[in-house]
Structures are given as structure tokens and as C-alpha cells.
Amino acid sequence: MKNQLYIYNTLSRKKELFKSITPNRVGLYVCGPTVYGDPHLGHARPAITFDLLTRLLTYLDYKVRYVRNITDVGHLENDGDEGEDKIAKKAKLEELEPMEVVHYYTERYHDYMSKLNVKSPSIEPRASGHIIEQIEVIKSIINKGYAYESNGSVYFDVKKYNQDHPYGILSGRKVEDLMNNTRALDGQSEKRDALDFALWKKAAPEHIMRWPSEWSDGFPGWHLECSAMSKKYLGKEFDIHGGGMDLLFPHHECEIAQSTIDNGKSPARYWMHNNMITIGGQKMGKSLGNFITLEEFFTGNHDKLERAYSPMTIRFFILQAHYRSTLDFGNEALQAAEKGLNKLMDAMNNLEQLVTSKESDVDVKALKEKCLTAICDDLNSPILIANLFEGVKIINSVLAGKQKISEEDLVYFKDLMHAFVYDILGLEVETSQDAGNDEKLDEVIHLLLNMRTEAKANKDWAMADKIRDELQNLGFIIKDGAEGATWELK
RNA sequence: GGUUCCUUGGCCGAGUGGCUUAGGCACUGGUCUGCAAAACCAGGUACGGCGGUUCGAAUCCGCCAGGAACCUCCA
């Protein structure tokens, strides 16, 4: 029985029942990073949100083609005309070849996403590798009369587009309002109208990243790559387009306009936008310079961090909030997330050791229903997690002998806990730093714990406590249970 | 100025017309334990302000206050 998935569509500003264009298949496009800086907490949010979505879709038996681009060209620093390419700027700054910058930060991005247990997308196309496709889209738009060349650059004619297609359907803006309120910027002489956006930019002589075209040696405008690449890999119309809320306007609005002209239809049926992570109530982002990189989180190497936080803590922290809400960063919140996660993962570990009874006094089927309903309701991971903590309660109660579970129920229960915790939420057990030494370490600790048990048997409390306290000083947590003591590293 | 949105208990964070004790963390009491930790049980604190609609609103409407995002590159 397949559950029905509801997702909030930015186009309608409502939750809608998800129906894929092709049965059992989903085409998903998500705007990826511009690789000119280290990945920060803000990058983790869309990555984890859409990782959760693909994991859920897979669980629901959809075959997902997930395309997430790498922007390595065409993102301009300021307004389209006088701006400088970000990658080129960084390259100049660090005296590197632009592709060196791209390569370095792409690898960093992959590294950190994989630490967060974010699965690699199906295809990860780069803007620089799709110049030809982008030029083709520009030609198509010019041929249809919605773009014009000016001084070697090509611009999209928003005013003309708006005459027969509403420009602003996604963001809820009106062209008239935009006209009245768009700031007058320098160097717009090339454009017929301030709202027009660049499809192709003629490169200034000192500009390093350039490609030949019939208009000029230049580079594609920054909205274009997503249109060209989504079309190439997902077709003219696909299911879901995702990205951060900050891309809603103008980026996604422009994508819709370009693709609508190019293909005669709007590219995506569902538009999903994740909200921002805030710090002190403000968006954490590049422009404000208030971001904390993932490396800094993992090492604790930042003024605002009281200590290091593990990748799974970060993942759990993000999943504990709904993706459409802002999430405020804070040490207290992160530490709370860490403890909650530990409690959950401890229980997952204990789940493997539960003893079954003839009958059950737990309702694991109802629990599964609740979990599924929650996550299928526009990815409500906070509710799902709340439900999973009910599962934790069951595990601990059975372990403590206060509740009973049958063999049959336990199989079902394990299956559901594994599915939601590991497969869908993508949480994984984090082993201590020296995973290779774990086995030996375990033997040594158990040796000590056995000595402690002996001491306890002899009522030598001083010795027993000494062993425990010394171990604790070294960072080991000793838990006395009914069947002897267990340990873990803090 | 325009567009969109937010304001929940000590903290993070769900919820939506009538009992959700949401959940996590923190806190308090109890059970267990030689003591502690863990676990289990129990407990408290809440819906920015003012009006309105309603039998009933934290949930719908209006106004006010405060905040955010977007309108320039950002996830």
C-alpha cells in the first residue's frame, strides 16, 4: 500500500497531492551551490531537505532522477552589466586558474555533503559543461522574439513576455510594481528595460572565463544554466524543482520565463523551497558574512561555537525543524539536538537486543501509520521524529521489562524503525574517531568493567568507583544495566 | 516603498477552530541502584497586543507592535 504524498507547492501556495508525470518515476531538479567558497550550514539545509525527499520518494517506490547542478560560471557579483564572475574573482584573488577554484570547492562540497550522509544526486551537471545547450536555448528564445541582442549581449524581454504570460506567478510579484520599484542601476544602457535579464554576456577583455558565440565572446547569464540543464536531463516538463527560498525571485521566476518561451510550457509542476537558517534572527549567508562553515562545526573552530558538533548532530538539528520554517542556530539548540540524537541512536542499538514475549502490549502498526502520515505531509520531519521517540519509549520499556513485544511485532517494529531512522531520515551511527581500534578498546574496557564487577562483588566500593570515575574522566560513560555494564565514548 | 512571511512555555521546535500534556533539551519529584549514571513513572510553565466572527479561537478576520526574506550575488 503506497501512501499519498502531499507537498507544498510554491506556485499555488498550498499543499497539493503529489502526482508524478510518469507513474512511479520522479524528475527532480535542485539548484546546487556556486563553488567559490567553503560549504556552510546554509548549504546543508537544501541538501538535507531534498535528500530527505529523494529518500522518501524511493521508499514510496518511485524511481527518482535527481539532478543537482554545480554553478561554476555565470554567477555575477553585482548587477548583470558591470558585475564580475564570482569564480573568476576568487581565482584572481588566489592566483589560481578558475577551474582550480571550481575543482577545489566542488570536492570540498562533496566531502562535507557525504559527511552529512547526503546521497549524491543522479546527475550533477556543471554550467561550464553545458555552454552549447545554453546557447541553443538563447537562440530558441531569440527566434521566438522574446530576446534581443544589444552590444554583444543578449537580454530577455520581460515586458513582452508579460504581455502573454504572467511574469511573477511564482513569487507573486507584478511587473507594474517591479517597474515602479526597481532601483535605477548604473550601466543599464544595454537593456531596454531594467527588468530584463541577461541570457548572454559579452566578456570584458580581462574576463578569463569566456566562450565563443555568434553574439560575442562571452558567457551565459546566471538563470540560464538551470533551464538548459533541467531540459537536457529531465525533459521540457518535469515533476519537482527545488531550491532555497532566496532563489525564488528572481532566479526561479526567470527560469520559468525562459523555459516557457523555449519549450512552450512551464518547466516544473511542483516548486519546493526550503527556508533559511538564521543566526541571531538573521539569515546566515555569504552576503552578510555571518556564516559558519561545516568544517568549523565539525572542528568547533569558531568564536560562536562552544565546541564541535558532529555531522549527524547537524543533520538531526536540521531535521528537527520543518523545512519551510526558519531555523535559528544556537549552541543550546545544537546540544539539545545532540542529546536527543544520542537517545534515539542508543535505542536503535538496544532494539537489536530486545527479548520477545508470547504476546505484545505495544501497537507497532499504529506507530508506523503515524510515522508515514507525518513524513508524507509535506515532509514533516519534526512530527516524524516525535513519533520515533514513541518508538524509543517502547524499546526502553521492553528493555526494562515493563512492556512486552511478540516475535512478529518485533520484526515489524525493527523494520519500521530502520526504514524511518536510517533509510528516510538518513541518520547513521557515528563511530568514535578511531573506528579501527574499537574492537581492542572494547576488550580493554570490558577487562576494567569486569574488575569493577569483581570489586563490587567483594563490596570494595572504593575500587569499583575508582574504576568508574577514572574511566569517566577519560570520557567513557558507564551504564549499569540488568545484564551487566555497557560503555560508550562521550 | 513594493512582494511574501513570521511572532508558541527556560531553550529549540511542531500543531491548527472544541482533550495535541506534540517531541527533544533543561528543570522538579519518585522507582531502580551500595552510591551515581542510564532507564522508567509523574509534574510545572504557552500560544506578541487589542478588537471582531463563533456556542467555542493559540488556530479564522481586522488593526497595532516587533521581526525576517526577497526586490543586487547568496542555499
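Lettering of chains follows the sequences in order, A, B, ..., and the numbering in each one begins at 1.
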Original post:
Within the modelled atom types, does a donor on one side and an acceptor on the other bring the side chain of A/Arg468 and the base of B/C35 under 3.5 Å apart?
Top reply: yes
### Message
Classify the ring geometry of A/Tyr112 against A/Phe298: parallel below 30°, tilted from 30° to 60°, perpendicular beyond 60°.
### Response
tilted
Given protein heavy atoms under 4.0 Å, the one-letter contact record of nucleotides 64-70 of chain B, with B base, S sugar-phosphate only and - none, is simply ----SSB
By the Watson-Crick or G-U definition, both distances under 3.5 Å, B/G1 is matched with B/C71
Answer for the Watson-Crick or wobble partner of B/U33, both distances under 3.5 Å, is none
Item to complete: Sticking with atom C1', work out how far B/C47 lies from B/C35, rounded to a whole angstrom.
Response: 43 Å
Check your understanding: Does a side chain donor of either A/Glu124 or A/Asn69 reach within less than 3.5 Å of an acceptor in the other side chain?
Key -> no
*asked:* Check A/Asp363 with A/Lys368, please: is the shortest side-chain N to carboxylate O separation under 4.0 Å?
replied: no
- Message: Is the phosphate of B/C71 approached by A/Ser171 (side-chain N or O, under 4.0 Å from OP1 or OP2)?
- Response: no
Are A/Lys191 and A/Asp196 ion-paired here, with the side-chain N under 4.0 Å from a carboxylate O?
no
Discussion item. Regarding A/Thr326 and A/Asn275, do their side chains bring together a donor and an acceptor under 3.5 Å, going by distance alone?
Written reply: no
By the Watson-Crick or G-U definition, both distances under 3.5 Å, B/G51 is matched with B/C61
Query raised in the report: Between A/Asp378 and A/Tyr323, does any side-chain donor sit less than 3.5 Å from a side-chain acceptor?
Result: yes
The contact string for nucleotides 18-31 of chain B, one letter per nucleotide 5' to 3', using protein heavy atoms under 4.0 Å with B, S and - for base, sugar-phosphate only and none, comes out as ----BSBSS-----
query = Do A/Glu225 and A/Thr71 have side-chain N/O donor and acceptor atoms under 3.5 Å apart?
reply = yes
OP1 or OP2 of B/C5 less than 4.0 angstrom from a side-chain nitrogen or oxygen of A/Asn275, does that happen here? no
Between A/His241 and A/Tyr270, does the ring centre distance come in under 6.0 Å?
no
Taken to the nearest whole Å, CD1/A/Ile169 to P/B/U3 is 18 Å
- Task: Tell me whether the guanidinium CZ or amine NZ of A/Lys286 lies under 6.0 angstrom from the six-membered ring centre of A/Tyr36 and within 45° of its axis.
- Result: yes
